[in-house]
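Only one structure is covered here, and it is reproduced in the block below.
Within every chain, numbering begins at 1; the chains are lettered A, B, ... in the order of the sequence lines, protein sequences first and strands thereafter. Please read all numbers here as calculations on a predicted model, not as lab measurements.
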Protein chains: 4
Amino acid sequence: MAKKTGEKYQSIIEAAVKVIARYGYHQAQVSKIAKEASVADGTIYLYFDNKDDILISLFKEKVGTFINTARARIAPLEKAEDRLRELIYMHLWQMSQDRDLAIVTQIETRQANPNLRAGIYEVLKHYLDLIDEVIFLGKEQGVFRPDIEHRVARKMIFGTLDEAVTSWVMNERNQNLVSLVDPIHNLFINGLKVAKQ
Amino acid sequence: MAKKTGEKYQSIIEAAVKVIARYGYHQAQVSKIAKEASVADGTIYLYFDNKDDILISLFKEKVGTFINTARARIAPLEKAEDRLRELIYMHLWQMSQDRDLAIVTQIETRQANPNLRAGIYEVLKHYLDLIDEVIFLGKEQGVFRPDIEHRVARKMIFGTLDEAVTSWVMNERNQNLVSLVDPIHNLFINGLKVAKQ
Amino acid sequence: MAKKTGEKYQSIIEAAVKVIARYGYHQAQVSKIAKEASVADGTIYLYFDNKDDILISLFKEKVGTFINTARARIAPLEKAEDRLRELIYMHLWQMSQDRDLAIVTQIETRQANPNLRAGIYEVLKHYLDLIDEVIFLGKEQGVFRPDIEHRVARKMIFGTLDEAVTSWVMNERNQNLVSLVDPIHNLFINGLKVAKQ
Amino acid sequence: MAKKTGEKYQSIIEAAVKVIARYGYHQAQVSKIAKEASVADGTIYLYFDNKDDILISLFKEKVGTFINTARARIAPLEKAEDRLRELIYMHLWQMSQDRDLAIVTQIETRQANPNLRAGIYEVLKHYLDLIDEVIFLGKEQGVFRPDIEHRVARKMIFGTLDEAVTSWVMNERNQNLVSLVDPIHNLFINGLKVAKQ
DNA sequence: GATGAATGAGATTTCATTCAT
DNA sequence: GATGAATGAAATCTCATTCAT
């Protein structure tokens, strides 16, 4: 029913990111988003099925683009370690570039609404797959331990990055997210323990 | 104003965990919680300031207890590595014991409402402190690398555990959470890389 | 925010006068007013900020109109005495013409709510000003005593008329209000005392 | 059912005047009045049938006392004119002595609630009777015009005094109410017109 | 007589969504 | 395609009143 293309579709998405980041999803009334996008309330419904669909579409649009970019960026890198580092960098760098989007992604998107969660997860799955691919590659290349359960490693990688961005959005807005890339990468690769001499 | 003690206070908390886990915070009407707790709607407001306060109080109550238990459990352990393992175990075991609470904790509590987030974070802070203490201890004991930024390590530890529980709640309800304890611990300690021979 | 014009605005006002007169402000639920006006409950809030605003707007609308009419009616009269009489007549006649409005004006409007009182007084002030003007004119024309404090005279004029209407609304609904015009006018002009011979 | 005597009865009345004057009848919760009176909420209901009954009783108690005092004060005066002046004085003086009571009397008591109005009117009736008596006396003594309708004169007297107190309570709290006694008396007796030479 | 914890009915207001223009 | 006025369902919270102690 909803036509998910066109200039207005894009401006509604942009308006939604801005308004939701500022007011929170609950206080981001459809009329507010419409106003920000300079369209009539009813117009929103020509492009989106309902309010939840705005958030889901926004997430798909933005995170989908991110995944594509990330995938393209790691492709030329040969070593799994480098790909992992690039992934960490991309994640943190992208988020630090668009704070409104980060707010929406880290906070507003975690709404309890089951409809939402399902839509969100569908997109996220592709990102988790990308992480998995890096882990598998590392194992193949003999640099990551073969006995590591990829699901566990994936949880570590995604969980850590996610928590890093959430902290930044919530409490550490002045910190430089990108400065965490190497420390995180190092920790993932080498773990906590002191190297044996 | 609200009297946060007594038998009724406790039963409202229990009822709230149950109802919110089942219906989601938004669909967990105060009247539903009251009914589940076998009290009148108005009685809720003798013990809680408003609906948000139920969720915050519940979180404080439950997570507060968890932190105290966890702290008591790791205290007798001498090695930082063992404390870390115990922390991982406690986190995953506790959550797997009370799925309703896990749902509330991982999903419903992530509401965008600023009031909520502030109250939630206050409690969470104590947990993050506990993690920090283990990291510091590990450095003192010379088993964790001194150059590791504790804030980064903390993000890894908390982020990974949080993501593990979220995955379990959302997609992997049949998996055994506790079976992840050692793999996660191992990964934290040793990292991804193949040990040098 | 609320758009205070249009056909629906007017019909809500009329409905409100009717419903409030009949049930009292407190028992005049917004839904009752909406039903009487044949609009949806929510529509009320497109035209009024809140329930109090209905009462205030109604008062402004109705009393505002009354004041304009009264002012227009006394304008052509030259003598202050005649103007005073016309004012008395207008006041009592208008009220006797619209008993519902009189009820709302005399009783429901006297609610203790500070918001209300402020809004009401703002309108009433214009009426008191009109009375003042007549008093001043009478002094200029040398028919009203120059030593009379206009504030005192104004209180007498307004207080008496107000009390007359209140009595009529409350206890003397069968009495003819307009029959009081001359007795009141005579009393204002000549006072209680027996004329010297 | 309710026992309308005793020390606690009196302190509840006093507390009610204070609390209602300060917060308005609607915002003067029974529990607030109970607290101010240093009794339990339930105790109120040993002395009053319901919340309205507090306001009515308070009015009866206070205005009843006022009427008795006023009646006693005018009794020794022989001339109707003097009695009228004393009545005006008593009315304005008493009110200016107890601003809290004046607020309750002039504003809170005008609530739209029919139960209330009926109870209030019952008391007021006695005051209106007192005014009537003075008017009749004036006619008997040949100082007030025999053709004056006493109901009209009564409306003027009561309406003016009532309006004077309301204005004082609402807008002119700094004015000296008692200073209005003679101007009002003079106006009642002599009217607005310039005396014939 | 006094207490005060518990009750539960009830109404305003919001806002996603529709649909006639 | 675009508009925006109208809809109406739905839920939190208050507070007068009760009654077991």
Original post:
Nearest nucleotide by nearest heavy atom, which residue falls closer to the 5' end of DNA chain E, C/Asp52 or B/Val39?
Top reply: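 Between the two, 5'-proximity favours B/Val39.
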Using the side-chain heavy atoms of [X], tell me which of these nucleotides is nearest: [options].
| X | options | result |
| --- | --- | --- |
| C/Gln29 | F/dT17, E/dT12, F/dA11 | E/dT12 |
| A/Thr43 | F/dT3, F/dT12, E/dT13 | F/dT3 |
| A/Ala40 | E/dT17, F/dT3, E/dA6 | F/dT3 |
| D/Gln27 | E/dC15, E/dG8, F/dC15 | F/dC15 |
| D/Leu46 | F/dA5, E/dA6, E/dA2 | E/dA2 |
| D/Lys8 | E/dC15, E/dT3, F/dT17 | E/dT3 |

Subject >> Test: A/Lys3 cationic atom under 6.0 Å from A/Tyr9 six-membered ring centre, within 45° of axis >> reply: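 No.
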Original post:
Base, sugar-phosphate, or nothing for B/Tyr47, non-hydrogen atoms under 4.0 angstrom?
Top reply: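 Touches sugar-phosphate only.
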**OP:** Name the nucleic acid region contacted by B/Val30, choosing base, sugar-phosphate or nothing; use a 4.0 angstrom heavy-atom cut-off, strictly under.
**Re:**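 It contacts sugar-phosphate atoms only.
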Original post:
Taking for each residue the nucleotide of DNA chain F with the nearest heavy atom, is it C/Ser38 or B/Lys51 whose nucleotide lies nearer the 5' end?
Top reply: C/Ser38
Subject >> Ranges pairing with ranges for DNA chain F, where each run has three or more Watson-Crick or G-U pairs under 3.5 Å >> reply: E:2-21 with F:2-21
**OP:** Look at C/Lys62 together with C/Glu14 and state whether they make a salt bridge at an N to O cut-off of under 4.0 Å.
**Re:** yes
Subject >> Side-chain heavy-atom pair C/Val104, C/Leu55 within 4.5 angstrom cut-off >> reply: yes
